[in-house]
Every structure is written in structure tokens, then in C-alpha cells.
Amino acid sequence: MSMTTATDIHALLKAHFGFDTFRGQQEAVVRRVLAGGDALLLMPTGGGKSLCYQLPALAMDGVTLVVSPLIALMKDQVDGLNANGIAARFINSTLPLRDVERVQAEVRRGAVKILYVAPERLAVEGFRRFLSGLTVSLIAIDEAHCISEWGHEFRPDYRNLRPLREMFPNAPVLALTATATERVRRDIMEQLGLKGAEVFVSSFNRANLTYSVQSKDSVEQQLPRLLSKWQGSPAIVYCYSRQETEDVASALRVRGWTARPYHAGLSAEERRRTQEDFSRDRVPIIVATIAFGMGGDKPDVRLVVHTSLPKSVESYYQETGRAGRDGLPSECVLLYSYGDKARQEYFIRQLEDEGERRNAQAKLDQMVRFAQLHTCRRRYLLEYFGERWDADDCGGCDVCLASQDRGEFDATEIAQKALSAVVRTGERYGETHITGVLVGSKEKRILAADHDNLSVYGIVRDFDRNQLREVLGLLRARGLLALNEGEYPTLRVTDAGREFLQNRSPLSLPRLRAEGKPASRAPEMKPSAGAPLEYDEDLFEELRALRRRIADEQDVPAFVVFGDVALRHMAARRPETLQAFERVPGVGQAKLAAYGAAFTEAIRRYADEHGLPARASVNMGGSSSGRRGATYEKTWEMLAQGLSVEAVARERELAPGTVIRHIEVLTMQGKSIDITSLLPSPERRRDIEEAFKRLGYAQLGPVRESLGDEYSYEDLTIVRTWLRQQGRLPKG
């Protein structure tokens, strides 16, 4: 095992990952691993867990073995590492035998630093023999909660991992997970034999995510409204069943959205293709079952919607964790119907093991409480995982946001009636029964209990059952009602509630939501981990287009080239030299060498065309002092009105070349624009096509240099756009 100094660690961090400093507990975990100690790391999705084993792998002799259940994502992870100059490979069931043998040969001769494997591979005798001949410096167990039966994603194949400790007794083991209660943590430690391991627990708070719950009325109408807020951004929609994913995806396509279903009933090839198309921005919306639960490594998902109730808070947290992995503002919406609870309970009743039934019911009840909350949802999530949250207003959930302007109403009378109904029915029933009694329901269980003869039966006429559920929730939040302990969540009146009934004191509660539906108000300013970065939006879009072209040529996801965060920094700092470009967060040596010339050329050309000041006169601190470009949407609106490129340029005081590049970006966003009238003559078009074939499509500079000054950048951009529209840009 190599000895590594603090300087070496930070040098590796900058050289391979492009960052000057570690985040949170990353450095402490890296040091623990390099010292040869075992560790359990709990860190939310997007917190930088992977770096905690990827960086030590570079500083240690031999190979780092990463066990991961994310088969569909291994290639993307390996592509990302290779793009950072880190030799990585994977072995799983998607590889044919000849490729497995090729990878194993590379590992044996020391050409690979990180090897990803699926847990089931460890049950294969031949693979264990292959491992036994290696120098394994570190064993990383990703999604470690899968080893625990108390976790929400138990996988029996993970029980094959314990022998790794016996096979490589001197290699430290790092177990990583984003979701684990205290009980699951203890089970992970026991199952993996992590005696004396140091436990690192990062905050579970995802500050950039906004959580909200809406009453589920019509999924087909609600989804387009939610998607429209994040037009053009990747989204995941979780559904309960395979058929629902098909139906919802079809309904979205009918309404003009590009959406595709993903579920276990599809062939492995269909799932692989859908996963790849989503990862590579060809399909922006995935409608999935929980088969996609851990299947999202894409950092720029901006919206996650659940159209039905998840089975546990862990599942919900894991699935919403697919949103905003890059730290940028994103939204998580649960469409809730009380009927979803009954549907889940039907399947729970089918479980044969009584302990398993109780555990599943308890987890579902906790999820129902989250859906029915009238207090901060973020606090509930954090406290579920054992983290204290003292803030009165998180500023990032629908409850806190709505409370800022909801006002209050006099709830004295309705509270008296609700509490009386709980007392009169013996404090042995849940909210469904209580609301039924109050509105005078003829349900069998109410009549069978003789509750239609109580004085509180049917005494509420001005509130519907949804509103009464909300009132009961608010009374619980005020401490006047509480849940009884036991298998079923029944209500009881607290001492404070009995005092209220006796004294008949005035009571005000937050104004109820319209028609009893949870608020759907989206925050005006979504929370973020820090001050929002000011950047040139037009330049950002141009850099995104360049990133997409490079990614298509290399047949990798766009985020493997650069993430949105790095592009925003480029659009804010506008680095026009390689030296300045190297200082952008996320730019390491490998990416500087591979992409620096293309991106700095694009930035210089943009600055020249917009008359922006030279680099030295622009603040490098993160805000752009240049003109913020008008949005591409304005160009699109004017083109759609029939204006020519020259007219748009004249009206918007832009260079025609800038409008041409707007057109390219707009077509990549899916806008339909007829550009045939802008194409150069057939002879010139053929010359440009041939030059592109020889020199590649990502950079215009080399192509124009080979053709000569008589060919303009505008001609090259239009031909490239036309080739893309024709589906003629190559991949790979």
C-alpha cells in the first residue's frame, strides 16, 4: 500500500477530478481508507461518495474492487473515470465472454486501477479464482444497505460479499450508502464483518431539493403542468405498476412529450436502450417502476414525480435522491391518494411471515404520515434518519412555503367536534373512521360499530373528508391529538387536547388548502447550497451544444464530458486560455487536454461576436460582468413568426452568426426549424461535409482552417445543424 501525503491527496484531487478542496467528510474518509481502516459512509446522493474510493484507488498499489448492483450504470461510471484519466473497467452480465476475458487480462497486467463488478459475479467459482490472483488494495461496497434484510432494497446476492474479507484480509473495506437507519447500519457492519470500522455520517439534508405533496386527481393532467415548469430538463416519473408506466408514458407522448416506460417486464435490451437514451439526453422523461429505483446516475435530473405512494420513507428518499445530484435546484413531487395506501396494504396482507408483515406495515404507515404532514416535510425526513433539524421554516417544502402566506382561521368549533369524535369512538380508530363519523357516512364498519347513533355522527356539514383529514393533521401538529402505538395508526386525544375540550379556549389553525387538496405552489426561489451563480445564459447554451456534439461523437453521456455546474462556471468566468480554463471547478488534467481547446475556442468566439471585454477585465469570482444574453426562446418566437435570420438579428441587435448558433441550439432542444434556405450551395455543402468527416464535428476551427476563409463559421454551423436534422451525425 502506498504512503500518500496531504499534498499528494490534494494534487490527485485537482489533477483527476478538477477540484481544489474536498467536500464535507470526503477527506476524512479518504485518509481512513489510505491508513488501512474499514469504514461505513452514509452520505446522500450527490454528496460525492464515489470519490471516497476513487481517489484512494489512485494512491494505492493494485486494483480497487467496487461491488455495485447498478449494472445499467457501470458503463457510464467507467466512462466518467476514463474521461478523468483513471483506468477503470467493469465486469457484469452485459459483457460477452470474450470481453470479460479481455478485461480480466488487463486487470492481471496492472493496467486497471478500478474494477466494477456486480454482486452475483462473486458467486461464480471461476471469477473467485480470478480475484484470488490479484493484488486488491481496497474493497468498496456501494449501496451497502442491500445486504440488510431490514433495509428497503435487500438483495440476497449481497450475502456473497462476506468472503471477500477472508480472501483479502489486508484490504480495507469501505461500505457506502445514501439511506440507512440506525438498525440497518448495525446490520451492515455485522454482515460485512466490519469490526472496529469508523462510521461517517453526513447530513441527509438535500438543500437543493424542494419537496411537495399534491392530491392525486388526474395524473394525465397534473404531470404536464409539472413537466412544463422544467421544460427541456430530464425528469423521472415513478408509477406503481408496469401497466401504469406504459399508460402514463403513452398519455404523455400523445400530448407531445418525449417519454418512455421502464419496468422489469421489458426485455434486458429494451431496458438497456432506454437507460442509455435517457443518460445521453435522447429521451428526457422516463416513466418507471421501482425497477429504476437505483438506476439513475444522471446528475441533471430536475424533477422526480411519484404518481403513487412509495412503500417506505427509505424508498422515497432513495428515489427522490435521483434529482439534482449536481447540487442545482430540483423538485420532488408526490401525487397522493388515500386509496394508494389501501392498495399497498392489500399486498402486505399477502406476506406469509408475520414479522415481515408488521415491518412492511410500519414502514408504509411512516410514509403515509409523510404524505399527510402539516409540518415541515424536510424535518420529518431528516428526523426519520436520526438527524436533528431545528429550523422553523426549511424554505424548501410545500408546507413551509405555503405557511408563509396562508393565514389562519378560527378552528375552535371544528376542533371541538373532531376531538369529541375521537373520544366518543373510544380512541381506537384511525382518521378514515373519524372523518366518516363526522360527515355521517353509511360505511358498514361505522354502522357495525353503532357509531351512527353517537351525538357526533354527521355533525359536520361545512367540511369535506379531505379537509377533515387536514384538520386532524393540524391538531396532531399542535399536540392536541396523537397516534397510539401499535400495528395500526389509531388516534387518541392528548392531555393538552382534553384541556382544550374542557376549557373551550379559542384556537386558530393555518387556513385549509383549497378543496382540501395539498398545496401545489412551486417556490419562487428554490433552495440551493449557496448563493446562485450568475452566468451568461446564451453562452451556457452554446457550451451545452458543444458538449452535446462532443458526447455524441464519443458515444458517452453529456455529463461525462462536463456537468452543468462546470458549464455554468465557464459561462460565468469565461476562460479564454487553457491556463484560465484549468481553474474551472471540474476541469482536471485529462479533461483539460481532451476538451480545453474546443471550449476555450467557443468562449473566445462568443466574446468576440458580443464585444465582451478581454478576460483580464472580467471578475473571476463567479459573477459575469458581461452582458447576459437574451434567451434563445426569444429567437425561437421571432423565427416562428416568420422573420428571417437577418430580421431577427436586426431586431435583437445581434450578429447574424449569433442567430445561426441560436438555431443550432434550438434544433438540439427539439424545435422544428426549416433551414434549407440557409444552406450553402450543393458544392460548398459537399466540401464542408467532407471536411467534417475528416476532422470531426465538435470543433469548427480546424474545419474552417482546412477549407479556407471563403467558408464562414455560419456556413459550417448550418451544415452541421442540417446533418443532425437528417440523422447523419456519426456516433462513436
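All values derive from a computational prediction rather than experimental measurement.
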*Is there a side-chain hydrogen bond (donor to acceptor under 3.5 Å, both in side chains) between Ser202 and Gln25 once you walk through the steps?*
CA-CA 7 Å; Ser202 297; Gln25 295 182 301; 3.1 Å; yes
*Decide salt bridge (Lys or Arg N to Asp or Glu O under 4.0 Å) for Glu354 and Arg358; before the verdict, give the C-alpha distance in whole Å, the side-chain angles of both, and the deciding distance to 0.1 Å.*
CA-CA 6 Å; Glu354 183 179 349; Arg358 282 199 301 269; 2.8 Å; yes
*Over 60° means perpendicular and under 30° means parallel, so classify the ring planes of Phe370 and Tyr380, tilted if in between.*
tilted
*Pick out which of Thr307, Ile236, Thr245, Asp247 makes a side chain to side chain contact (heavy atoms under 4.5 Å, CB included) with Val287.*
Thr245
*asked:* Salt bridge or not between Lys75 and Glu276? Use side-chain N to carboxylate O under 4.0 Å.
replied: no
*Measure the spacing between CG of Leu40 and CG of Leu192 and express it to the nearest 0.5 Å.*
8.5 Å
*Consider only side-chain N and O atoms of Ser267 and Glu270, and report whether a donor and an acceptor are under 3.5 Å apart.*
yes
*asked:* Go through it in stages, so that I can follow the logic: the residues are Glu143 and Ser68, the test is side-chain hydrogen bond (donor to acceptor under 3.5 Å, both in side chains), and I'd like the CA-CA distance, side-chain angles, deciding distance and then a yes or no.
replied: CA-CA 7 Å; Glu143 309 294 346; Ser68 171; over 6 Å; no
_Under a 3.5 Å threshold, yes or no: a donor from one side chain and an acceptor from the other, between Thr94 and Asn92?_
yes
*Of all residues at least two apart in sequence or in a different chain, which pass the side-chain contact (heavy atoms from CB on, under 4.5 Å) check with Asp326?*
Pro299, Asp300, Arg302, Leu328, Asp564, Val565
*Sequence neighbours excluded, which residues qualify as side-chain contact (heavy atoms from CB on, under 4.5 Å) partners of Glu246?*
Gln243, Pro261, His263, Leu266
*Pick from Leu309, Val213, Val219, Asp217: which one makes a side chain to side chain contact (heavy atoms under 4.5 Å, CB included) with Leu335?*
Val219
_Whether the Glu387 and Ser203 side chains hold a donor-acceptor pair (N or O, under 3.5 Å, no angle test) is what I'd like checked._
yes
*At what distance, to the nearest 0.5 angstrom, does CD of Glu345 lie from CZ of Arg357?*
12.5 Å
*Heavy-atom pair with the smallest gap, counting every atom of Arg206 and Tyr317*: CG-OH, 4.0 Å
*Would you sort out whether Gln372 and Tyr336 count as a side-chain hydrogen bond (donor to acceptor under 3.5 Å, both in side chains), showing the intermediate values?*
CA-CA 9 Å; Gln372 297 178 342; Tyr336 173 65; 3.0 Å; yes
*Rounded to the nearest 0.5 Å, how far apart are OH of Tyr238 and SG of Cys332?*
10.0 Å
*Name all residues meeting the ring-ring contact (aromatic ring centres under 6.0 Å, His included) criterion together with Tyr429; count only those two or more places apart in sequence or in a different chain, and write none if there are none.*
His433, His451
_Under a 3.5 Å cutoff, is there a donor and acceptor pairing between the side chains of Trp230 and Glu331?_
yes
*asked:* Once you measure the plane-to-plane angle for Phe385 and Phe204, does it fall in the parallel (<30°), tilted (30-60°) or perpendicular (>60°) bin?
replied: parallel
*Does Lys298 make a cation-pi contact with Phe278 (under 6.0 Å, within 45 degrees of the axis)?*
yes
*Name all residues meeting the side-chain contact (heavy atoms from CB on, under 4.5 Å) criterion together with Glu443; count only those two or more places apart in sequence or in a different chain, and write none if there are none.*
Ser441, Arg445, Ile446, Arg465
*asked:* Holding to salt bridge (charged side-chain N to carboxylate O under 4.0 Å, His left out), I want the full list of residues that pass it with Arg343, two or more places apart in sequence or in another chain.
replied: Glu244, Asp340
*Roughly how far apart are Asp365 CG and Ser312 OG, rounded to 0.5 Å?*
12.0 Å
*Gap between atom CG of Leu303 and atom CD of Gln231 - 0.5 Å precision*: 12.0 Å
_Separation of Arg377 CZ from Cys397 SG (nearest 0.5 Å)_ = 6.5 Å
*All side-chain contact (heavy atoms from CB on, under 4.5 Å) counterparts of Val100, not counting sequence neighbours*: Ile91, Leu95, Gln104
*Closest approach of Tyr158 and Pro119, non-hydrogen atoms and distance?*
CE1-CG, 3.5 Å
